[in-house]
Protein chains: 4
Amino acid sequence: MGTTPRARRSDTRERIQQTALGLFVTRGYEKTSLREIAEELGVTKAALYYHFKTKEDILTALSDRLGEPVDELIAWGREQPPTLENKRELLSRYSVAVRDAAPLYRILQENQATLRDLDIGTRLRERVGAVSQLVHAAEDGEDAPLETLVRFSSALLTVHFGTFTLDEMPGDPEARRAALLQVAMEILDSTDGGSAG
Amino acid sequence: MGTTPRARRSDTRERIQQTALGLFVTRGYEKTSLREIAEELGVTKAALYYHFKTKEDILTALSDRLGEPVDELIAWGREQPPTLENKRELLSRYSVAVRDAAPLYRILQENQATLRDLDIGTRLRERVGAVSQLVHAAEDGEDAPLETLVRFSSALLTVHFGTFTLDEMPGDPEARRAALLQVAMEILDSTDGGSAG
Amino acid sequence: MGTTPRARRSDTRERIQQTALGLFVTRGYEKTSLREIAEELGVTKAALYYHFKTKEDILTALSDRLGEPVDELIAWGREQPPTLENKRELLSRYSVAVRDAAPLYRILQENQATLRDLDIGTRLRERVGAVSQLVHAAEDGEDAPLETLVRFSSALLTVHFGTFTLDEMPGDPEARRAALLQVAMEILDSTDGGSAG
Amino acid sequence: MGTTPRARRSDTRERIQQTALGLFVTRGYEKTSLREIAEELGVTKAALYYHFKTKEDILTALSDRLGEPVDELIAWGREQPPTLENKRELLSRYSVAVRDAAPLYRILQENQATLRDLDIGTRLRERVGAVSQLVHAAEDGEDAPLETLVRFSSALLTVHFGTFTLDEMPGDPEARRAALLQVAMEILDSTDGGSAG
DNA sequence: AATGAATGAGAGTTCATTCAT
DNA sequence: TATGAATGAACTCTCATTCAT
């Protein structure tokens with residue numbers, strides 16, 4: 001009862017994105033051919049082109065959708081003053097956003113060379129760069145000392161790459177995320193905690 | 001007397017590797033065609049095949065050469081007991097090794113999806129995995145608590161990825177490396193320093 | 001009172017033809033895709049197929065419409081004896097007909113290779129061929145000498161191709177047409193003027 | 001006795017051009033696929049790409065080769081003052097050049113729409129345009145009257161298009177060429193013959 | 001009167017690789 | 001120590017056309 005077996009007003013566009021996302025993650029963007037996507041879906045290559053103008057367009061659609069929370073986070077971050085407290089909040093939210101968009105960021109991570117000259121590559125890198133900027137932004141006019149900057153970097157690297165490199169560990173993913181975030185926070189705190197202590 | 005006008009005992013093999021390395025870094029492994037390498041060198045594609053059995057072979061040769069210090073480091077690490085002190089030493093040496101082999105690791109980083117099904121990809125990942133294992137190895141029989149493991153990860157992520165993501169910063173690269181290492185050390189120290197303090 | 005807001009008795013068929021004619025002229029028949037026509041019109045490709053059975057059919061409709069005057073001219077010509085006087089008349093009328101159907105003849109001219117195996121191509125060429133035959137037709141039983149035939153050809157070539165190659169010249173098109181016709185007439189006249197002299 | 005059956009240092013490049021020329025003439029440039037050329041030659045498509053960078057490149061090579069005499073003629077023409085006598089000479093030489101390069105000019109003629117946006121199309125049209133300019137060039141500072149210009153056009157149209165439209169006629173091609181040229185000369189002469197008479 | 005969805009066929013092009021010389 | 005010539009497989013993309021709704 002109920003589930004339409006083949007969908008009337010066509011959910012094909014949806015299904016293309018899901019299939020593509022899976023293949024882009026497991027096989028890589030470049031190595032995934034449109035033939036593969038089409039075959040796995042049981043349609044012809046031409047059908048893909050009915051729904052998307054180019055191969056890159058499929059990834060763009062995916063990026064627009066999955067990357068939205070990060071975009072919102074960046075927008076939020078730009079409105080806040082670059083206090084330590086706000087950076088903590090930023091990292092905290094980012095750890096959630098990057099987890100939710102993990103497949104997308106994995107694609108970016110593992111296909112950087114390929115995506116380099118694609119528009120979508122630029123857009124993805126800008127997203128990452130924007131977060132990085134917010135994390136590094138100086139609280140006052142003065143430039144922060146190198147060590148402080150590095151600490152900011154380290155905290156972000158921990159959250160970002162930890163999400164990917166630790167996901168093969170056994171155990172509760174949520175616990176891992178919490179632990180990563182906690183360590184990142186400590187790195188952040190030691191920034192002036194060290195100088196203050 | 002002196003400069004042979006046209007290659008002493010064929011340095012072509014050498015030159016192929018250098019050219020390939022440069023192109024693999026800037027354009028990516030997959031996107032660099034043998035035609036490109038050959039053209040930039042002023043030889044024919046067939047010449048490449050005289051010196052290397054396959055395209056992958058070029059990368060393999062590069063990896064054998066540039067990766068040697070890391071291999072030695074791994075060998076050294078496996079002989080040491082997994083004390084915190086040794087991990088500090090490991091990270092310290094690693095920060096030098098990864099800096100020296102930066103182009104190679106960048107290629108690995110930015111072409112993961114492509115290299116995934118290549119033998120050389122496996123070998124490169126094993127190298128990274130081995131370092132990771134040494135850093136995570138438990139000091140005694142018991143499993144370390146998650147937070148401790150994450151701290152280890154964080155320290156390694158800082159050294160490893162920091163080397164790449166920070167290299168666009170202005171300033172002295174060596175100072176950056178020192179700062180990265182220092183922060184990594186602190187992360188490492190807070191492991192039981194926190195519980196001890 | 002009364003401009004219907006959205007097509008009275010569907011002028012879509014009309015509009016398709018106009019759009020197609022424009023594109024066939026500027027981009028060529030083959031290079032104009034049905035997608036282009038549809039997009040420029042703001043309808044779907046399928047709509048074109050509601051009004052025309054095939055792409056060729058659009059051109060056929062165009063040809064039937066624009067080519068009518070030439071067809072009538074041919075019919076007229078076939079009823080006249082092939083006197084020099086009638087040829088003069090024929091050329092005169094042709095210079096008007098080809099001007100009025102210029103876009104159509106331009107399409108034929110510039111897409112000959114493409115139209116070669118299409119039915120409509122054959123029909124278009126037959127039209128041109130028929131005019132040519134009328135111009136070359138011998139006045140009496142005997143075959144005309146080569147030079148005379150060539151002169152007939154030359155007169156027709158002048159009117160026909162002159163219409164297209166001269167239309168980038170500045171100045172009054174009608175004056176140009178008159179001049180072309182006049183020169184063509186002189187060529188025709190010198191036919192027996194030479195033999196008579 | 002003696003003809004190498006398969007050629008050592010490869011005459012394939014040559015053969016590709018011949019085959020392509022033939023197919024471009026009979027089937028048209030666009031409608032001739034590289035697969036067709038390759039099959040007719042008994043090689044693979046990739047072999048074509050070893051010898052020519054693109055499909056257009058094949059036509060370009062053909063144009064460079066066959067168009068040379070016309071280029072030389074243009075160069076010659078540009079050095080002469082635009083006297084009637086020189087125009088006679090120009091037309092005379094042109095009738096030979098266009099005959100020799102007939103297949104090339106036929107391709108240009110019958111595929112204008114297709115070649116329009118190709119570089120080679122531009123170059124081919126420039127060649128034709130250059131001849132046209134030489135024929136129309138004013139002898140003195142004053143602009144020639146329209147009728148004179150039209151007469152110049154007519155003479156050129158006669159030689160140029162006559163070469164193609166008359167080549168289906170039975171009889172000696174050389175006689176036809178001579179007749180065309182003669183008629184063209186008369187058209188040219190009547191230029192001031194009319195005003196003088 | 002028109003749309004949305006899809007297809008099959010084919011295009012030009014690029015690639016890593018091979019092999020006789 | 002290299003080259004010239006070629007291949008087979010794959011790729012992204014476009015097109016005219018169809019058909020249920």
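Keep in mind that the numbers below use all heavy atoms, side chains included, and drop hydrogens, waters and symmetry copies. Every chain is numbered from 1, with letters handed out A, B, ... down the list of sequences.
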I'd like to know if the side chain of [X] and the backbone of [Y] have a donor-acceptor N/O pair within less than 3.5 Å.
X       : Y        : answer
D:Thr26 : D:Gly22  : yes
D:Lys45 : D:Ser33  : no
C:Glu30 : C:Asn111 : no

Open item on the list: Can you see if the side chain of C:Arg35 gets near the phosphate of F:dT14 - specifically, an N or O under 4.0 Å from OP1 or OP2?
Closed with: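 Answer no for this pair, as no side-chain N or O of C:Arg35 is under 4.0 Å from OP1 or OP2.
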- [ ] Ignoring backbone atoms, test whether B:Thr12 places a side-chain nitrogen or oxygen under 4.0 Å from the OP1 or OP2 oxygen of F:dT1.
- [x] no
Roughly how many Å is it from [atom1] in [X] to [atom2] in [N], rounded to a whole number?
X       : N      : atom1 : atom2 : result
B:Lys31 : F:dA10 : NZ    : P     : 20 Å
C:Leu34 : F:dT14 : CG    : C1'   : 12 Å
B:Ile16 : F:dT1  : CD1   : C1'   : 11 Å

Task: Pair B:Arg127-B:Leu108, side-chain contact (heavy atoms from CB on, under 4.5 Å): steps then yes or no - done: CA-CA 11 Å; B:Arg127 201 133 57 193; B:Leu108 171 61; over 6 Å; no
Task: Selected nucleotide, minimal atom distance to D:Tyr49 side chain, candidates F:dG4, E:dG12, E:dG8 - done: E:dG12
Open item on the list: So for B:Lys45 and F:dT3, does any side-chain atom that can act as donor or acceptor lie under 3.5 Å from a complementary atom in the base?
Closed with: no
Open item on the list: Closest-nucleotide mapping onto DNA chain F: is A:Ser33 or A:Lys53 further toward the 5' terminus? I mean the 5' end.
Closed with: A:Ser33
TODO: Assign each of A:Glu30 and C:Ala46 to its nearest nucleotide of DNA chain F by heavy atoms, then name whichever residue's nucleotide is nearer the 5' end.
DONE: A:Glu30
- [ ] Represent DNA chain F in dot-bracket notation, 5' to 3'. Only Watson-Crick or G-U wobble pairs with both distances under 3.5 Å count; pseudoknot-style crossings use [ ] and interstrand partners use |.
- [x] .||||||||||||||||||||
